[in-house]
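Notes follow once the structure below has been shown.
Below, all heavy atoms of this structure are taken into account, side chains as well, without hydrogens, waters or symmetry copies.
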Amino acid sequence: MNAVVYKGEREVAVEDVEQPQIEHPNDVVIDITTTCICGSDLHMYEGRTAAEPGIVFGHENMGIVTEVGDAVSSLEVGDRVVAPFNVACGFCENCENGYTGFCTNVNPGFAGGAYGYVAMGPYQGGQAEQLRIPYADFNALKLPDGDEHEDSFALLADIFPTGWHGTELANLQSGDSVAIYGAGPVGLMAAYSAKLKGAAEIYVVDRVPSRLELAEEHCDATPINFEEGDPVEQIKDLHGGGVDKGVDAVGYQAIDPDKEGDDAYDPARENPAVVINNLIRTVRPTGELGIPGLYVPDDPGAPDDMAAQGRLGIDFGLLFEKGQALGTGQCNVKEYNRELRDMIIEGRADPSWVVSHRVDLEDAPEMYEKFDNREEGVTKVLLEP
């Protein structure tokens, strides 16, 4: 079957790979109908992880069940499903407590598993024609038959729940004010989630005009371009003080506007602590921070030796002085995906506006390049095998 294969720094190719098979009675195999390129994929694509050539990318996957293991009881051939990016067993202590992003059974020596991602277990990615879903009764969320809401349902694999998760980590309540750093897909979904939850004021910080326009149009957010001035001061000038809550939807490859480089995304401009420190400054005393943005313990392309070890220069003294709380970690997708699915079905949510491109799987190399360059108008790319 055809699949998107990592070849090396900033190079992927669509190649023929072995088709997935039922390996355990709890497995199903699906024909992929939609799979997505994620901002997290770019960390591997750019050579900023320990990913080895040959890995098949793709952790945001949905499709139609074509094979069913003998022990699967809730699914049958022909069912339409979306798979959380988390691979989870469903019965370890963390899974039983709802922390499916930190399953201790699916990836020995590491808390958490995922499809097509470095260090996240032996699970082939779904930027391909087919995918094996292990522990399928637990991991596959059934969807209505047909092709209605295809784009929205595809976002249930990761970015819609992850954006929601960012607001949950920050304990966002109706009537709160919130600042969201990053207007990539997750940041836009965090802003949309804040709107759905009834946030009073939403500020979204980025530098790409088309993304800020989406935040303003679909999330009723105030756009803040960090290339036009200190984003903390911009927000405080508009708000009159610190906001109640903050969300980091950027992670460790954050651009520092005070640094110069050859272009907007030159690694020389990176400061992996800048977003967290800006959030500490932006959020009021006793406010709360949600940090779903990706941070790693090892970064081969880090701007300095400390950051290469995942150690950041965080203004912890100011955090302590302000009495702020923070929550971190990848999303436990199953905690939210059923509720969000039902909101989509009932017409109470429609995140499909974030999708900018739906293209053939063969176009993946071109779209990786465009997405990596943060080209205007490229927000969320869906691939169709």
Side-chain angles (χ1 to χ4, degrees), residues 36 38-40 60 82 84-86 98 100-101 141 149 151-206 211-224 235 243-251 275 279 282-283 287-294 325-356 379-380:
C36 315
C38 181
S40 296
E60 301 181 43
V82 61
F85 77 85
N86 318 117
T100 55
L141 179 68
H149 305 304
D151 288 1
S152 288
F153 286 152
L155 306 182
L156 292 173
D158 185 351
I159 67 164
F160 192 15
T162 296
W164 191 275
H165 182 59
T167 65
E168 288 287 304
L169 289 171
N171 192 30
L172 180 73
Q173 304 294 314
S174 177
D176 281 346
S177 55
V178 60
I180 296 161
Y181 279 75
V186 169
L188 290 172
M189 288 295 95
Y192 187 51
S193 298
K195 175 184 176 180
L196 292 171
K197 289 183 172 187
E201 297 174 73
I202 304 168
Y203 300 91
V204 175
V205 180
D206 205 285
R211 293 180 173 186
L212 290 171
E213 289 166 8
L214 285 173
E216 184 174 21
E217 178 181 357
H218 295 280
C219 308
D220 299 331
T222 300
I224 304 292
I235 292 170
V243 297
D244 299 312
K245 307 293 167 63
V247 176
D248 171 2
V250 180
V275 169
L279 277 178
T282 304
V283 174
E288 296 173 81
L289 286 58
I291 307 175
L294 180 66
L326 58 84
T328 68
Q330 68 177 358
C331 178
N332 309 297
V333 173
K334 279 185 62 66
E335 185 174 359
Y336 316 113
N337 66 350
R338 190 177 299 271
E339 173 187 0
L340 298 179
R341 175 201 65 184
D342 293 346
M343 290 173 66
I344 292 169
I345 292 171
E346 294 301 320
R348 300 183 184 277
D350 180 6
S352 63
W353 55 264
V354 78
V355 175
S356 59
T379 51
K380 188 62 177 177

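Separating the NZ atom in K245 from the CG atom in L279 is a distance of 13.0 Å, to the nearest 0.5 Å. Summarising the geometry, atom CE belonging to M343 is positioned 4.5 Å from atom CH2 belonging to W164; distances are rounded to the nearest 0.5 Å. Atom CG of L141 sits about 7.0 Å away from atom NZ of K334, to the nearest 0.5 Å. Distance check, rounded to the nearest 0.5 Å: SG of C219 to OH of Y203 gives 15.0 Å. Here the CG atom belonging to L155 is positioned 10.5 Å from the CG atom belonging to L340, to the nearest 0.5 angstrom. The distance from the CE atom of M189 to the CG atom of L196 is 9.0 Å, given to the nearest 0.5 Å.
Put simply, the side chain of F85 does not reach to within 4.5 Å of the side chain of C36, judged on heavy atoms. At least one side-chain heavy atom of P351 sits under 4.5 Å from a side-chain heavy atom of I344. Taking the side chain as every heavy atom from C-beta outward, L188 and W353 approach each other to under 4.5 Å. For the pair I202/I180, a side-chain contact is recorded, criterion being any heavy-atom separation below 4.5 Å from C-beta on. Using a 4.5 Å heavy-atom threshold, the side chains of C331 and D158 count as separate. Taking the side chain as every heavy atom from C-beta outward, H165 and N332 approach each other to under 4.5 Å. R211 places none of its side-chain heavy atoms less than 4.5 Å from the side chain of V204. At least one side-chain heavy atom of I159 sits less than 4.5 Å from a side-chain heavy atom of E60.
A distance-only check finds no donor-acceptor pair linking the side chain of N337 to the backbone of L156 [under 3.5 Å]. With hydrogens and angles disregarded, no donor-acceptor distance shorter than 3.5 Å links the side chain of T379 to the backbone of V355. Between the side chain of D248 and the backbone N or O of G251, at least one donor-acceptor pair lies under 3.5 Å. Distance alone, capped at 3.5 Å, is enough to place a donor-acceptor pair between the S177 side chain and the D244 backbone.
Judged purely by distance below 3.5 Å, without hydrogens or angles, the side chains of Y181 and T282 pair a donor atom with an acceptor atom.
Taking the centre of each ring, H218 and Y192 stay at or above the 6.0 Å mark.
The two residues S193 and G163 come nearest to each other via the heavy atoms OG-C, 3.8 Å. For the residue pair G246 and A170, the shortest heavy atom distance occurs at O-CB, 3.6 Å. The nearest pair of heavy atoms linking P223 to E216 is CG-OE1, 3.9 Å. Contact detail for A190 and V247: the closest heavy-atom pair is CB-CG1, 4.3 Å.
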Working for side-chain contact (heavy atoms from CB on, under 4.5 Å), residues E288 and Q173: CA-CA 11 Å; E288 296 173 81; Q173 304 294 314; over 6 Å; no
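Applying side-chain contact (heavy atoms from CB on, under 4.5 Å) to V283 and the options L289, V178, I235 leaves one that passes, L289.
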